[in-house]
Protein chains: 2
Amino acid sequence: MKSRAELAELLRSHGLKCTRSREAVLGYLESACQPADAERIYAELRAMGIAVNLSTVYRTLESLCGVGLAKKVVLENEGRALFEFCDSAHRHYLVCICCKKIIPITFCPLGEYEQQLEQRTGYEITGHKLDVYGYCPQCKKISRA
Amino acid sequence: MKSRAELAELLRSHGLKCTRSREAVLGYLESACQPADAERIYAELRAMGIAVNLSTVYRTLESLCGVGLAKKVVLENEGRALFEFCDSAHRHYLVCICCKKIIPITFCPLGEYEQQLEQRTGYEITGHKLDVYGYCPQCKKISRA
DNA sequence: CTTTAAATGAGAATCATTTGCATTTGCATT
DNA sequence: AATGCAAATGCAAATGATTCTCATTTAAAG
Ligand SMILES: [Zn+2]
Ligand SMILES: [Zn+2]
Ligand SMILES: [Zn+2]
Ligand SMILES: [Zn+2]
């Protein structure tokens, strides 16, 4: 949980003008425990008494992603894009298909696989996206009952 | 490349009434060399002289996916959903971020990884989605020039 | 305190996809 | 082959997430 001054500094050091909306959105992402969509960020900020416009939330998220302060996460079967604070770590997601809870996973098992693929296909591989789906412990119980 | 009779039989055996649109869409998917989006399927069928409505293409794709004759493929940075003939094989995609060419990959390196995740997280894992991005041999050359 | 380029708010526009409803069609039954 | 009916289709309008336009406000540099 960063202070307002820290957030402001983070914005400036990434070449972004520091505004109320940006500080608010960045602050929200930084303290959120899982990726959130624009509408949700918008709603939560309003609930906190911070009046931002939805267009501005979208624009701000785009700016933040542009300078590497946020990351866009697109999941299958999810109509809307999610966003999270970007600590620039490569990661994957374990998503509950029932309650939508998301656990970020930092271990990546695909280094060798990518090399093999490059050799076999002639592609120059620049990255990958891996999402794992299933039931979280809670939903597992419920679905059994 | 299946005959019309084969396509019809495939539809019926999956519990779907056999109609001109369904036969056309399924036929297109079956002979396509890579996943295509609804609009594209629509355009190609028209070009072949088969008049189908775009809504019908969408509805047909939904039906085909519903009975397991097609599969929806959602890729990052791709505004529209893609569809492919479903041979029920688990697969991944190697996508060129330049020309959008897609190579399906049948080898999956994630069996052990899923087991480890189940143990560590308590989730019951039901599946995963892995897409690899990069430059195809052709685009690799171009970007160097 | 001015100045000025960038950011914002409000709402319209866009784009893929879905839906309502009147009409047509597959196909089982006579 | 003719009949009947539920399911499928065409068309246009609705939807929902996201982007854009443009007039107004604001951050921050001088
Ligand atoms: Zn759950
Ligand atoms: Zn990885
Ligand atoms: Zn390419
Ligand atoms: Zn796999």
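In the text below, chain A, chain B and the rest are named by the order of the sequence lines, each starting its count at 1.
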So what does B/Ala8 touch, heavy atoms closer than 4.0 Å: a base, only the sugar-phosphate, or nothing?
nothing
Categorize A/Ala81 for me: base, sugar-phosphate, or nothing, with a 4.0 angstrom heavy-atom threshold over every strand shown.
sugar-phosphate
Nearest-nucleotide wise, let me know which of A/Leu16 and B/Glu39 is further upstream toward the 5' end of DNA chain C.
A/Leu16
In a check of salt bridge (charged side-chain N to carboxylate O under 4.0 Å, His left out) between B/Glu76 and each of A/Lys72, A/Lys71, A/Lys129, which one passes?
A/Lys129
NA contact type, B/Ser63, heavy-atom cut-off 4.0 Å: base, sugar-phosphate, or nothing?
nothing
Is a salt bridge present between B/Glu84 and B/Arg91, judged by a nitrogen-to-oxygen distance below 4.0 Å?
yes
Report the base-pairing partner of C/dC27 (Watson-Crick or G-U wobble, both distances below 3.5 angstrom), or none.
D/dG4
Given D/dC11, D/dA6, C/dG11, identify the nucleotide with an atom nearest to the side chain of A/Ser55.
C/dG11
Where the side chain of B/Cys18 is concerned, which of C/dG9, C/dC27, C/dT18 is the nearest nucleotide?
C/dC27
Nearest to the side chain of A/Arg22, heavy atoms from C-beta on, is which of D/dA6, C/dA5, C/dT8?
C/dT8
Using a heavy-atom cut-off of under 4.0 Å over every strand shown, decide if B/Thr19 touches base, sugar-phosphate, or nothing.
sugar-phosphate
With nearest nucleotide decided by heavy atoms, which residue, A/Arg20 or A/Arg59, maps closer to the 5′ end of DNA chain D?
A/Arg59
Among C/dA7, D/dA17, C/dC27, find the nucleotide with the atom closest to the side chain of A/Tyr58.
D/dA17
Check whether any side-chain heavy atom of B/Ile103 sits under 4.5 Å from a side-chain heavy atom of B/Tyr93, and report yes or no.
no
